[in-house]
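First the structure, in the form of structure tokens, and then the observations on it.
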Amino acid sequence: AARRLPCSHAVCDVVVATRAPLVIDDLLNHPIAAERPGVHTLGLRSYLGVPLTTRRGQTLGSFCVLDARIRRWTAEDIENLRDLAEAAVAELELRIGLHERRTRERRFAAFMDHSPVVAALINRDGELEYVNAMFEWHFSVEPSKVIGQQLADLTLPLAAVMIRRCEEVRQRGTSTERTELITSPNGDERQWLVFSFPIEGDGETHVGIVAADLTDRRRLERQLQQAQ
């Protein structure tokens with residue numbers, strides 16, 4: 001059965017505090033370890049521990065081995081334990097990094113889904129890699145049904161605009177700003193301000209598109225002008 005022991009009941013806290021290996025051949029004859037309750041509860045006699053230290057210098061804990069008998073730890077034992085500790089830290093950092101990346105991705109998605117503009121990302125093969133919630137709201141298409149699809153295969157009026165903007169960005173290599181008339185799902189023509197820009201990374205050029213519906217704003221501006 002698994003046994004658990006608080007850090008302070010053995011001597012792991014000493015490793016964390018000193019950030020250095022701790023080698024104890026006989027725990028009962030050690031000035032600190034002999035007083036720790038875990039040593040007597042589990043019948044421990046020898047201890048070898050090294051710090052689990054990240055690349056940023058943060059000590060996460062102690063990586064240790066224990067024995068129920070007196071043991072003379074060698075330099076090779078210490079080095080082997082250090083190697084195992086480094087492997088453990090590498091795995092922990094990988095998992096922490098993945099967790100942090102997923103957290104950032106969720107935070108970014110939430111941010112974009114609350115944005116009042118339509119946003120899309122197109123890869124070098126002309127496939128939609130990302131669209132935000134406003135894309136669905138304006139064009140009545142679920143993101144899951146268009147992500148991974150070729151723009152050329154989509155029947156949406158916006159797709160033709162995206163194709164033109166992607167071609168222009170790739171040819172010029174710079175950002176563009178254009179006003180476009182795009183037909184909405186109910187058949188109305190609406191005026192959009194479309195920003196397109198290159199996104200470089202990993203040797204590839206993606207195209208980002210951000211579009212704002214100006215129709216209501218333009219209508220209000222005309223009404224104000226007529227009222228003056």
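Just so you know, these numbers use all the heavy atoms, side chains as well, and skip hydrogens, waters and symmetry mates.
The hydrophobic cluster containing Ile209 also contains Leu158, counting ILVMFWY residues as joined when their side-chain heavy atoms lie under 4.5 angstrom apart, directly or transitively. When the side chains of ILVMFWY residues are joined at heavy-atom separations under 4.5 Å, either directly or via intervening members, Leu193 and Met134 end up in two distinct hydrophobic clusters. Follow the hydrophobic side-chain contacts under 4.5 Å out from Leu156 and you reach Met162 in the same cluster. Linking ILVMFWY side-chain heavy atoms closer than 4.5 Å, directly or via other members, places Phe63 and Val65 in a single hydrophobic cluster. Side-chain heavy atoms closer than 4.5 Å link hydrophobic residues (I, L, V, M, F, W, Y) into clusters, and following such links, even through other members, never connects Leu81 to Leu22.
Summarising the geometry of Arg170 relative to Ile122, their closest heavy-atom pair is NH2-O, 4.0 Å, with the distance given to 0.1 Å. Ile182 approaches Pro157 most closely through the heavy-atom pair CG2-CB, 4.1 Å. Of all heavy-atom pairs spanning Ser62 and Val16, the tightest one is N-CG2, 4.1 Å. Across all their heavy atoms, Ala85 and Leu52 have their closest contact at O-CD2, 3.7 Å. Scanning both residues, Pro198 and Thr205, for their nearest heavy atoms gives CB-CG2, 4.0 Å. Of all non-hydrogen atoms in Pro21 and Arg82, the two that sit nearest each other are CG-NH2, 3.2 Å.
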Can Val117 and Phe135 be said to form a side chain to side chain contact (heavy atoms under 4.5 Å, CB included), step by step? CA-CA 8 Å; Val117 298; Phe135 183 96; over 6 Å; no
Leu98 and Ile96: side chain to side chain contact (heavy atoms under 4.5 Å, CB included), yes or no, with the steps? CA-CA 5 Å; Leu98 288 173; Ile96 291 171; over 6 Å; no
Decide side chain to side chain contact (heavy atoms under 4.5 Å, CB included) for Ser46 and Ile70; before the verdict, give the C-alpha distance in whole Å, the side-chain angles of both, and the deciding distance to 0.1 Å. CA-CA 5 Å; Ser46 58; Ile70 295 174; 5.7 Å; no
Could you walk me through whether Leu121 and Ile199 satisfy the side chain to side chain contact (heavy atoms under 4.5 Å, CB included) test, starting with their C-alpha distance in whole Å, then the side-chain angles of each, then the deciding distance to 0.1 Å, before giving a yes or no? CA-CA 9 Å; Leu121 180 65; Ile199 300 175; 3.6 Å; yes
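By the 4.5 Å heavy-atom criterion applied to side chains, Val146 and Val131 are counted as neighbours. Side-chain contact between Phe197 and Glu177: absent, with no pair of heavy atoms (C-beta onward) separated by less than 4.5 Å. Between Leu28 and Val39 the shortest side-chain heavy-atom distance falls below 4.5 Å. Looking at Leu154 and Leu128, their side chains come closer than 4.5 Å, going by heavy atoms from C-beta outward.
Summarising the geometry, atom CG belonging to Leu220 is positioned 12.5 Å from atom OG1 belonging to Thr215; distances are rounded to the nearest 0.5 Å. Residue Leu84 holds its CG atom at 12.0 Å from SG of Cys64, rounded to the nearest 0.5 Å. The CZ atom of Arg95 sits 14.5 Å away from atom CD of Glu100, with the distance rounded to the nearest 0.5 Å. The structure places OG1 of Thr54 at 10.0 Å from CG of Leu92, a figure rounded to the nearest 0.5 Å. For the atom pair SG of Cys166 and CD of Gln171, the computed distance is 11.0 Å after rounding to the nearest 0.5 Å. Interatomic distance, CG of Leu181 versus CG of Leu214, reported as 10.5 Å (0.5 Å rounding).
The backbone N or O of Ala119 lies less than 3.5 Å from a partner atom in the side chain of Asn132, making a donor-acceptor pair. Without hydrogens or angle criteria, Thr59 side chain to Thr53 main chain gives no donor-acceptor distance under 3.5 Å. With Trp73 contributing its side chain and Ile78 its backbone, the two residues share no donor-acceptor pair below 3.5 Å. Checked by atom type and distance alone, the side chain of His114 never pairs as donor or acceptor with a backbone atom of Ala133 at under 3.5 Å. A donor-acceptor contact shorter than 3.5 Å links the side chain of Glu93 to the backbone of Arg55. Proximity of a side-chain donor or acceptor of Asp77 to a complementary backbone N or O of Thr74 within less than 3.5 Å is detected. With hydrogens and angles disregarded, a donor-acceptor distance shorter than 3.5 Å links the side chain of Gln150 to the backbone of Asp125. With hydrogens and angles disregarded, no donor-acceptor distance shorter than 3.5 Å links the side chain of Arg104 to the backbone of His99.
Salt bridge present: Arg36 and Asp13 bring a charged side-chain N and a carboxylate O closer than 4.0 Å. Ion pairing between Glu221 and Arg217 holds under the 4.0 Å rule for side-chain N and carboxylate O. Salt-bridge formation is detected for the pair Glu168/Arg165: a Lys NZ or Arg NE/NH1/NH2 atom is positioned less than 4.0 Å from an Asp or Glu carboxylate oxygen. Residues Arg45 and Asp26 are paired through a salt bridge, judged by an N-O separation under 4.0 Å between the basic side chain and the carboxylate.
Checking Glu127 against Asn123 by side-chain atom types alone, a donor-acceptor pair falls below 3.5 Å. Counted by atom type alone, Asp188 and Asn186 present one or more donor-acceptor pairs between their side chains at under 3.5 Å. Between the side chains of Ser184 and Arg190, no donor-acceptor pair of N or O atoms lies under 3.5 Å.
For Arg218, the CZ atom sits in a packed shell: over 12 heavy atoms of surrounding residues, nucleotides or ligands are nearer than 6.0 Å. By the neighbour-count criterion of 12 heavy atoms within 6.0 Å, atom CZ of Arg178 is densely surrounded, having more than that number from other residues, nucleotides or ligands. Summarising the local packing, CD of Glu91 is surrounded by more than 12 heavy atoms from other residues, nucleotides or ligands at distances under 6.0 Å. Heavy atoms of other residues, nucleotides or ligands lying less than 6.0 angstrom from CD of Glu200 number more than 12.
Below 30°, between 30° and 60°, or above 60°: for Tyr130 and Phe108 the angle between ring planes is between 30° and 60°, a tilted geometry.
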